[in-house]
Amino acid sequence: MFKTYETELAGRKLVIETGKMAGLANGSVLVRYGDTCVLVNVTASKEPREGIDFFPLSVDFEEKLYSVGKIPGGFLKREGKPSDKAILTSRAIDRPLRPLFPKDFRNDVVVVGTVLCVEQDNSPEVAAMIGAASALAISDIPFNGPTAAVAVGLVDGEIIINPTIEQREKSDLTLTVAATEKKITMIEAGANEVPDNIMLKAIKEAHKEIKKICKFINKIQKEIGKPKFAYQSFEVDHEVYEFIETNFKEEMKEKVQEQDKETRDKNIDALTQKIEETYTEKMGQESFEEHQADIAEAIYKLEKKCVREMIYFEHKRVDGRKLDEIRPLSCEVGLLPRVHGSALFTRGQTQVMSIATLGMISEEQVLDGIDTEESKRYMHHYNFPSYSVGEARPSRGPGRREVGHGALAEKALVPVLPSKEEFPYAIRVVSEVLSSNGSTSQASICGSTLSLMDAGVPIKRPVAGISTGLVTNPDNDDDYVMLVDIQGLEDFFGDMDFKVGGTSQGITAIQVDIKCDGLTYDIIKEAFEKTKKARQYILDDIMAPVISKPREEISQYAPRIVSTQIKVDKIKDVIGPGGKMINKIIEETGVKIDIEEDGQVFIYSNDNEKAIQALEMVEDIVREVEVGGIYYGEVSRLMNFGAFVDLGCGGKEGLLHISKISKERIKNIEDVLHVGDMVTVKVINIDEQGRINLSMLDFNETKSNEE
């Protein structure tokens, strides 16, 4: 049955329709936010997936270019693989939903948000996040929601919920918050050095709106929601778990206490083998084979319990650190001799090398998406090879995790980059994870800051990144212990990975992943306080002694740039018919040239003299011809009444009459001038038709090609 539900969000109409489209999905809604329309469908498999120990949730945010009236580029003229923006949105939808499914649920669940129509003032990402929670709420899929989301901006110090495109362009904050009625479930942010207290205030304002939407979704669910289907529980067999905990808990607690990740993994592998052998000996081979999956799950569960209890009750971490203690840090720059900038940042057993490359403005990335962003000049790419965790897997290109971590580092650094006018380069940084034991994305932020300074990029201030973790009381989620600088095991077994990047002045990026049902304001406030203190320590005590400010000069291997501003109507003169003029400059000087639509001209060359030569040639072309002006030009044509001289101003020629060459009478023009001669002339007149008349009576020096 077709149903329509309407409410208001940030002063604009939000409509959820269901029962008209996609009737075979477990749950389907069409979200209309203004003129933005997103269809969200959720489905679940009837049976659990065999042989897995995780919940198989898949989320896809599908950008359709017809939604913004575009035909896709490329040969096929159809949407191909998802853009980075689509991947990041898929991750943003996934993160607040995943913790709200039952822990023992193993049926495949697929969420698909299809963008059908976009009004740029109303975010399709927000519509998709609300739609996903709504579709799950009314479906028969087990789900402990609802959750909802809004975007937040900061314009002239004022917090704006779901800012319009005009407001987003002026905003110092790009924040997405997801939450249930009670707690925050996801935070994603990029910011222009926003202070902690303002960020917390923005999150609280977002939550006020989210609570209203959650109540709206609850109302819909009560009216038309389907009963949740029964599913096969994959909770570990209690008898198996009790046997393993009773006999091996103390030994497990001992084995996990090891600073070196590789040694700890070997300890757990050896204990796992011992547990399996003991179980087989006590219970028999048949029972072992029957409960093999339960045994593996019970060992994992016991390891998790031991780590969490040590942290919560004893305030003891597996590597011996205090709760607020950061792993040993080190960094260095200038490792690679011929790249434009390089740095190595090490945090415990996590190690990231970042390499910066400077290029022409024309080398910036062209974007073909559903929003208004058409290109970006700063690109950050993150690679996570299998050797970084000691595994032997072939590389298959970046996955969603790599795209997400690269985007987080990119957000953290964009606010401190110089403008295109200040530093007219396209910039690419690649972070290669060499060794991983947690917090690689934050090591990427630190290493990339160092590599940019090593490359001579005049950033405003250095940026550092740090993460905090969380372990809650088993009986009370509001009672917790917070950790600074979490390693891999603490991320896997903990309840939160709260990543913050920023400068000494404020926050530039946030990404929060949680495994519990949400975060309170107190937790978020404390996370900000702890990350700020740790960030300042990294900036002052670790990074500054190695390199405190950008190098004065860029690398000798990076292209030098000289630039000039020309009138827009002169662009065609510099390019010339069929590119004749610009190609001539490039051929003669060996430079590369970018010309922007606003008339900015950027000339790139490793040879500064050649760059200056090319600049002079450009300026000669655009120079205005004025009466009284003196020019050094080339004789281009001879006539019986005089010669035409190319003045070097966009191909403009002037007539040098035979009577204006010398005070003495000249009988034949060929006696004194030849095509190709260089002459100094003065403009004596420009008539109404724009014809230029020249004289060299006072400048009768000529330079023959033959000479």
Please assess S467 against S439 for the test side-chain hydrogen bond (donor to acceptor under 3.5 Å, both in side chains), listing each intermediate value before the final yes or no. CA-CA 7 Å; S467 63; S439 294; 3.0 Å; yes
Inspect the surroundings of NZ in K201 and state if more than 12 heavy atoms from other residues, nucleotides or ligands are less than 6.0 Å away. no
Students often mix this up, so state it plainly: with edges at 30° and 60°, are the rings of F101 and F55 parallel, tilted or perpendicular? tilted
With distance as the sole criterion, is a donor-acceptor pair present between the side chains of Y231 and D104 under 3.5 Å? yes
Candidate list E363, E364, E410, test salt bridge (Lys or Arg N to Asp or Glu O under 4.0 Å), partner K376, passing option: E410
F105 and F229 aromatic ring geometry - parallel, tilted or perpendicular at 30°/60° bounds: tilted
I'd like to know whether CD of E235 has more than 12 heavy-atom contacts from other residues, nucleotides or ligands below 6.0 angstrom. yes
Which class fits the ring pair Y382 and F384: parallel under 30°, tilted 30 to 60°, perpendicular over 60°? parallel
Quick one: do E17 and T4 satisfy side-chain hydrogen bond (donor to acceptor under 3.5 Å, both in side chains)? Show the steps, please. CA-CA 5 Å; E17 299 176 0; T4 300; 4.7 Å; no
Would you please name every residue forming a side chain to side chain contact (heavy atoms under 4.5 Å, CB included) with D371, sequence neighbours left out? K85, Q120, E373
So among R91, K499, R95, which one has a salt bridge (Lys or Arg N to Asp or Glu O under 4.0 Å) with E188? R95
Find out whether the Lys NZ or Arg CZ of K304 is both under 6.0 angstrom from the six-membered ring centre of F492 and within 45° of the ring's axis. no
Report yes if some heavy atom in the side chain of L97 is under 4.5 Å from a heavy atom in the side chain of T147; otherwise report no. yes
